[in-house]
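Naming convention: chains lettered A, B, ... in sequence-line order (proteins, then strands); numbering from 1 in each chain. Computed from a predicted structure; not experimentally measured. Note that these values count all heavy atoms, side chains included, but never hydrogens, waters or copies made by symmetry.
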Protein chains: 2
Amino acid sequence: MRNAEFDREKVLRKAMTLFMEKGYNKTSMPDLKQATGLHPGSIYCAFENKHGLLLAAIAQYKADRNVEFSQFFSTDEPVLTQFKTYLDHIVSECVSCDAAKGCLFITALYESTQADKEVQAVISENIAQWQQAIADKFKQAMTKGELSADKDHEHLARFLVMGIYGLRTFAQSHPQPEILEKLAEQLFNSICH
Amino acid sequence: MRNAEFDREKVLRKAMTLFMEKGYNKTSMPDLKQATGLHPGSIYCAFENKHGLLLAAIAQYKADRNVEFSQFFSTDEPVLTQFKTYLDHIVSECVSCDAAKGCLFITALYESTQADKEVQAVISENIAQWQQAIADKFKQAMTKGELSADKDHEHLARFLVMGIYGLRTFAQSHPQPEILEKLAEQLFNSICH
DNA sequence: ATAATACTTGAATGGTCATTCAAATAAATG
DNA sequence: CATTTATTTGAATGACCATTCAAGTATTAT
């Protein structure tokens with residue numbers, strides 16, 4: 001017996017960064033070898049193939065985003081304030097120059113073909129879970145009286161997810177901070193008022 | 001001398017459909033040959049290379065969308081009603097099963113790399129023009145008294161573009177008509193109220 | 001210590017792709 | 001009609017890529 005020598009999380013984060021920066025298809029095995037330090041054989045040994053590495057990277061991305069999400073909502077501020085901070089964070093990601101400006105869910109979903117039902121299903125499921133977490137927070141805001149109780153928290157969550165996707169996509173062509181901030185603000189207001 | 005035998009617009013629409021369905025990178029020259037009936041040499045003769053074909057397809061896509069846009073705003077209904085109809089049309093595109101459910105601007109933009117500044121610039125410009133056309137319509141709605149005059153028509157246009165991108169992206173993972181219609185409705189209301 | 005097991009290495013393989021090219025063909029011009 | 005000029009054809013080219021594999025190596029368990 002023998003355990004893998006590499007740090008699985010580090011390798012997955014390197015891979016996920018490449019997938020976000022260059023896209024899955026244009027990230028070659030030589031690219032992955034260079035970025036991760038792993039030889040092709042090791043990648044195949046650990047992840048079956050390039051597609052398996054993508055799935056593992058998506059899972060890691062989901063785990064990382066989950067932790068991040070929880071952190072934004074673990075303060076003792078009002079839930080709506082937490083949402084605003086969360087949105088501001090996303091805007092700052094959009095205008096950053098590193099890989100975080102692209103969301104792996106979106107890029108992988110747009111790149112996936114009809115043939116790759118597996119990636120599509122995994123990402124849809126991950127998005128649905130994120131949306132549910134948002135819906136739960138909205139419900140919490142309603143029970144705390146921060147949000148009028150006649151709203152549909154699941155609809156609000158869908159609208160926010162839609163808006164965040166819109167922000168991210170809009171930022172791809174027009175990454176101006178002030179404009180994105182205004183858009184995020186109106187998005188927030190559309191939900192709260 | 002001699003003119004090309006093929007119908008340029010037809011070829012470009014075939015190519016644009018493939019690019020939307022499979023993505024630019026995964027659309028191979030054999031694919032293009034089969035879909036357009038053009039041999040590789042003809043494509044190179046007419047469009048320089050595959051990348052040139054993409055640029056030409058994007059230009060054709062823009063022209064087609066321009067015509068479409070004008071048609072939605074050439075009725076004698078109130079501008080806001082025209083917007084609602086336009087939005088409904090986009091929702092119906094999102095839930096359709098053909099290539100129209102993906103927008104070539106978005107798919108090509110997400111697929112383009114940092115290296116391909118040309119595609120990025122062309123698409124950004126095309127989006128900006130579309131956004132400006134929307135802004136003009138909002139201004140028109142304000143002068144006609146359909147929309148309160150204290151709004152910023154350019155901001156409204158950006159918000160609508162963002163929302164449409166959000167809708168399209170959201171639909172990629174959750175293409176349920178009723179849900180998308182509700183989202184489109186709230187998007188519309190966020191702008192008008 | 002030794003055997004068994006699993007990871008690592010990196011060159012080799014086979015396939016696919018964008019692009020080129022030279023020959024063939026057709027239209028337009030004078 | 002003849003010449004010129006452009007397009008069409010489709011096979012050939014060269015590059016790149018995902019994947020495989022066999023030999024080497026380290027770790028664990030007995």
Side-chain angles (χ1 to χ4, degrees), chain A residues 1-58 60 107-108 111-119, chain B residues 1-58 60 107-108 111-119:
Chain A
M1 305 241 197
R2 185 183 173 188
N3 298 326
E5 289 173 4
F6 61 89
D7 180 334
R8 190 182 159 93
E9 288 196 7
K10 273 190 186 172
V11 164
L12 288 178
R13 291 206 184 93
K14 285 281 188 190
M16 117 186 23
T17 299
L18 277 183
F19 290 154
M20 284 189 284
E21 280 174 354
K22 312 184 53 151
Y24 170 71
N25 285 294
K26 285 212 280 244
T27 300
S28 67
M29 290 304 291
D31 288 339
L32 288 165
K33 181 191 168 184
Q34 200 207 3
T36 65
L38 259 56
H39 291 255
S42 293
I43 294 180
Y44 278 77
C45 185
F47 303 104
E48 178 111 22
N49 52 27
K50 194 186 164 192
H51 188 255
L53 179 59
L54 173 64
L55 290 173
I58 290 173
Q60 184 64 51
T107 55
E111 224 180 330
S112 74
T113 48
Q114 214 64 23
D116 195 350
K117 296 288 181 200
E118 192 176 5
V119 161
Chain B
M1 303 240 195
R2 186 181 172 190
N3 299 325
E5 289 173 6
F6 61 89
D7 180 334
R8 190 182 160 93
E9 288 196 7
K10 272 189 185 171
V11 164
L12 287 178
R13 291 207 184 91
K14 285 282 189 190
M16 110 183 33
T17 300
L18 277 183
F19 291 154
M20 285 189 281
E21 280 174 354
K22 311 184 54 154
Y24 170 72
N25 285 294
K26 285 213 281 244
T27 300
S28 67
M29 290 304 291
D31 289 338
L32 288 165
K33 181 191 166 180
Q34 200 206 3
T36 65
L38 259 56
H39 291 254
S42 293
I43 294 179
Y44 278 76
C45 185
F47 304 104
E48 177 114 21
N49 53 26
K50 194 186 163 193
H51 188 256
L53 180 59
L54 173 65
L55 290 173
I58 289 173
Q60 184 64 51
T107 54
E111 223 180 329
S112 74
T113 48
Q114 214 66 23
D116 195 351
K117 296 288 181 200
E118 192 175 5
V119 162

What's touching nucleotides 9-13 of chain D from the protein side, N or O pairs under 3.5 Å?
from, atom 1, to, atom 2, distance (Å)
D:dT9, O5', B:H39, NE2, 3.4
D:dG10, OP2, B:H39, NE2, 3.1
D:dG10, O6, B:G41, N, 3.4

For [X] and [Y], which heavy atoms make the closest approach, and how far apart are they?
X      : Y      : answer
B:K26  : A:E111 : NZ-O, 3.4 Å
A:V119 : A:A108 : CG1-O, 4.3 Å
B:M29  : B:P40  : CE-CA, 4.4 Å

Starting from [atom2] on [N], measure out to [atom1] on [X] and report it in whole angstrom.
X     : N      : atom1 : atom2 : answer
B:M29 : D:dT8  : CE    : P     : 13 Å
A:F47 : C:dC7  : CZ    : P     : 11 Å
A:E48 : D:dT20 : CD    : C1'   : 13 Å
A:K50 : D:dC17 : NZ    : P     : 9 Å
A:L32 : C:dG10 : CG    : P     : 17 Å
B:K26 : D:dC16 : NZ    : P     : 21 Å
B:F6  : D:dT7  : CZ    : P     : 9 Å
B:H51 : C:dA18 : NE2   : C1'   : 13 Å

Quick one: [atom1] on [X] to [atom2] on [Y], what's the gap to the nearest 0.5 Å?
X     : Y      : atom1 : atom2 : answer
B:K33 : B:S28  : NZ    : OG    : 11.0 Å
B:D7  : B:T36  : CG    : OG1   : 12.0 Å
A:L55 : A:L12  : CG    : CG    : 11.0 Å
B:K10 : B:L38  : NZ    : CG    : 13.0 Å
B:L54 : B:D116 : CG    : CG    : 7.5 Å

Salt bridge (Lys or Arg N to Asp or Glu O under 4.0 Å) pairs, two or more places apart, involving residues 37-52 of chain B
none
Please walk me through it: do A:F6 and A:I43 pass side chain to side chain contact (heavy atoms under 4.5 Å, CB included)?
CA-CA 10 Å; A:F6 61 89; A:I43 294 180; over 6 Å; no
Give me the distances for all protein-to-nucleotides 22-25 of chain D N/O pairs that come in under 3.5 Å?
from, atom 1, to, atom 2, distance (Å)
D:dT25, O2, A:R2, NH1, 3.0

Angle between the end axes of the helix from C:dA1-D:dT30 to C:dG30-D:dC1, five pairs per end, to the nearest 10 degrees?
10°
Does the side chain of B:T27 reach to within under 4.5 Å of the side chain of B:L32, using non-hydrogen atoms?
yes
Just checking A:K14: does its NZ atom have more than 12 heavy atoms from other residues, nucleotides or ligands closer to it than 6.0 angstrom?
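Counting other residues, nucleotides and ligands, NZ of A:K14 stays at 12 neighbours or fewer.
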Side-chain donor-acceptor distances from residues 15-24 of chain A under 3.5 Å, at least two apart:
from, atom 1, to, atom 2, distance (Å)
A:T17, OG1, A:R13, O, 2.8
A:K22, NZ, A:D31, OD2, 3.0
A:Y24, OH, A:H51, N, 3.2

Can you check whether B:N3 has a side-chain N or O nearer than 4.0 Å to OP1 or OP2 of C:dA28?
yes
Among residues 11-21 of chain B, which ones have heavy-atom contacts with DNA chain C below 4.0 Å?
none
Report the nucleotide, chosen from D:dA18, C:dC7, C:dA18, that has the shortest atom-to-atom distance to any side-chain atom of A:C45.
C:dC7
